[in-house]
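These values consider heavy atoms only, across backbone and side chains, with no hydrogens, waters or symmetry-generated copies. In the text below, chain A, chain B and the rest are named by the order of the sequence lines, each starting its count at 1. Fair warning: this is a prediction, and the values are worked out from it, not measured in the lab.
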Protein chains: 2
Amino acid sequence: MSNPALARCRHQTRTVVPLDCARCAVRDLAVCASLPAPEVESLERYASSMELQANAELARSGQPCRQAYSVTGGMLRLVRTLPDARRQVVGFATPGTFVGLSEVAVHRHSIEAVVPSRVCVFDLDMLRDLRNRYPAFEHTLLERACRELDDAHDSMLLLARLSPMERLASFLLRLRRQMKVRDDEPTMALPMGRGDIADHLGLTVETVSRSFTRLREQGVIALPDPQHVELLDRAALAELATVLH
Amino acid sequence: MSNPALARCRHQTRTVVPLDCARCAVRDLAVCASLPAPEVESLERYASSMELQANAELARSGQPCRQAYSVTGGMLRLVRTLPDARRQVVGFATPGTFVGLSEVAVHRHSIEAVVPSRVCVFDLDMLRDLRNRYPAFEHTLLERACRELDDAHDSMLLLARLSPMERLASFLLRLRRQMKVRDDEPTMALPMGRGDIADHLGLTVETVSRSFTRLREQGVIALPDPQHVELLDRAALAELATVLH
DNA sequence: CGAGGTCTTGAGCTAAATCAAGGTTAGTGG
DNA sequence: CCACTAACCTTGATTTAGCTCAAGACCTCG
């Protein structure tokens, strides 16, 4: 259940690189979009960007919160772990997502890169300043928090009441939406491993794997390789995933 | 699993009463505390207060969102229900809690009174106006949203990975904190029924009941009656409830 | 006083966890 | 470049925790 890969690559997993907002790939998606243009430019002086290797740790559960992050590339996972190694992947963060905002002084989950990723780093005091100066920025943060809360409530229903098949179907559709896969594109990547999916859906790797095979046997999906799913029968998938609208 | 009591009392379950902010019991707890005094007074002209019978429905899943509520007395439950009647009680709202803020146009869960309750009603457009005019108000809402999000993540771990005993222990301690029971007071009320607890913890009524009895047999709690718990061994309870700090 | 609701307890069943093992892929070092 | 190792994924066999079904006790309310 614990991640040996994490322990392995401890050094040189995070590289600071200069910020270049003008060429930012998620300029419109990110929270920065609610800041005035000149302010965004001044960010470049105070904020920085960071490149993460796969499985690099951006923040660790229990450490004091100092920064928040805007994901610009790759994928992160937010992980809550119990002393006995029971794990819950609280969510995955895709480009455009803002993570790390909290009202408690210490991180309640660690933030790790699922694949090589890139984030913009906001110091919390800078963030506080931005929030005070730009109501539109604060407004955006609240808007996002509300959406995340709705999502979390969905997850709660999923974890409490859905069968493994229903959980997996919901997960696939939700991830697809989150990754903004075009509707006419049947295939999507699964950047995270089966273990992460299991710990996200409250199942074991074995049941996740079995559920994948069952979906495949039923002709609902195809699995060109373990990291890619092709949706063959979306109606059937949507039927299973009663949670998502 | 569905609630027959709900269907029973359909008429005259909600009574509008005049607002009296000066004598509000939760004046310091509620979101209103972040508004300037004169503004609070003007609320009385635009907002209203509502009394709810037990099991009254304040909002129904699927209906358009028009209002938000500040709980001033009693207890509410937020319920997400699937077509086949599987239920998830997403949370309980105690006095001081603000509920109903969302970024989607339609309610994703219904809001019901657990016991006779009272709420202040905010029309959403009034709320938007207040948020625009008072940054401190918006700030408070974001703060609360972040806390709720943290709580929701706790619940996700609970639902995904904890045993029934651990879930119940966590629930009791969390509820106790939420209801602000004094530390020297060993007994606490359980306003909600076993069914609500079950649907909150992702269990069946039977397992909830059995878990209560086991905790009693182990001398961790006493149950003077089904609606009251006395905490006898808090250390043991905290040990079980690894989730909460 | 009866009826419906809620809580508790028992017995049996089943879905998912656990245990176990083999196959594939990726990364490492010789 | 290839062998070796370690993850990772899949599949099968077995166990078990919690669900389902069933029934009785208690309590409230009409």
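- Atom-to-atom, CG of A/Asp196 to C1' of D/dA7 comes out at 13 Å; the value is rounded to the nearest Å.
- Phosphate proximity of D/dC19 to B/Thr204: present, with a side-chain N or O under 4.0 Å from OP1 or OP2.
- Between A/Gln227 and D/dC9, a side-chain N or O to OP1/OP2 separation shorter than 4.0 Å is present.
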Cut-off 3.5 Å, no hydrogens considered: what does the side-chain donor-acceptor table look like for residues 146-153 of chain A, sequence neighbours left out?
{"from": "A/Asp150", "atom 1": "OD2", "to": "B/Ser102", "atom 2": "OG", "distance (Å)": "3.3"}

Letter by letter from the 5' end, nucleotides 25-30 of chain D scores (B base, S sugar-phosphate only, - none; protein heavy atoms under 4.0 Å) ------
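- For B/Asp225, there are no side chain to side chain donor-acceptor pair (under 3.5 Å) partners two or more places apart in sequence or in a different chain.
- The salt bridge (Lys or Arg N to Asp or Glu O under 4.0 Å) search around A/Arg118 returns A/Glu51, not counting sequence neighbours.
- Among pairs with a residue in residues 204-224 of chain A, none fulfils salt bridge (charged side-chain N to carboxylate O under 4.0 Å, His left out), at least two apart in sequence or across chains.
- Applying the side chain to side chain donor-acceptor pair (under 3.5 Å) test to every pair with at least one member in residues 62-75 of chain A, sequence neighbours left out, gives these pairs: A/Gln67-A/Tyr69.
- Applying the salt bridge (charged side-chain N to carboxylate O under 4.0 Å, His left out) test to residues at least two apart or on different chains, the pairs with a partner in residues 178-194 of chain A are A/Arg182-A/Asp184.
- Pairs of residues two or more places apart, or lying in two chains, never qualify as ring pair (Phe, Tyr, Trp, His ring centres under 6.0 Å) while including a residue from residues 201-226 of chain A.
- Side-chain contact between B/Gln88 and A/Leu158: absent, with no pair of heavy atoms (C-beta onward) separated by less than 4.5 Å.
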Could you encode protein contacts along nucleotides 10-16 of chain D as a string, one character per nucleotide from 5' to 3', using B for base contact, S for sugar-phosphate-only contact and - for no contact, with a heavy-atom cut-off of under 4.0 Å? BBBB---
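- Remark: P of D/dC19 and CZ of A/Arg161 are 7 Å apart, rounded to the nearest angstrom.
- Direction of the helix axis in the helix from C/dC1-D/dG30 to C/dG30-D/dC1 shifts by 40° between the two five-pair termini, rounded to 10°.
- Nucleotide D/dA17 holds its P atom 15 Å from the CG atom of B/Leu203, rounded to whole Å.
- Within the 4.5 Å cutoff, the side chain of A/Val89 has no heavy atoms near those of the B/Met156 side chain.
- Summarising the geometry, the separation between CG on A/Leu168 and P on C/dA16 is reported as 13 Å, rounded to the nearest angstrom.
- Contacts of A/Thr81 classified as side chain to side chain donor-acceptor pair (under 3.5 Å), with partners at least two apart in sequence or in another chain: none.
- Annotation: side chain to side chain donor-acceptor pair (under 3.5 Å) contacts of A/Ser163 (sequence neighbours excluded): A/Glu166.
- Taking atom CE on A/Met192 and atom C1' on D/dC9, their separation rounds to 16 Å, with Å as the unit.
- Between A/Arg167 atom CZ and C/dA17 atom C1' the separation is 12 Å, expressed in whole Å.
- Counting to the nearest Å, the C1' atom of C/dT25 and the CG atom of A/Leu190 are 17 Å from each other.
- Put simply, CE on B/Met165 is 14 Å from C1' on D/dG18, counting in whole angstrom units.
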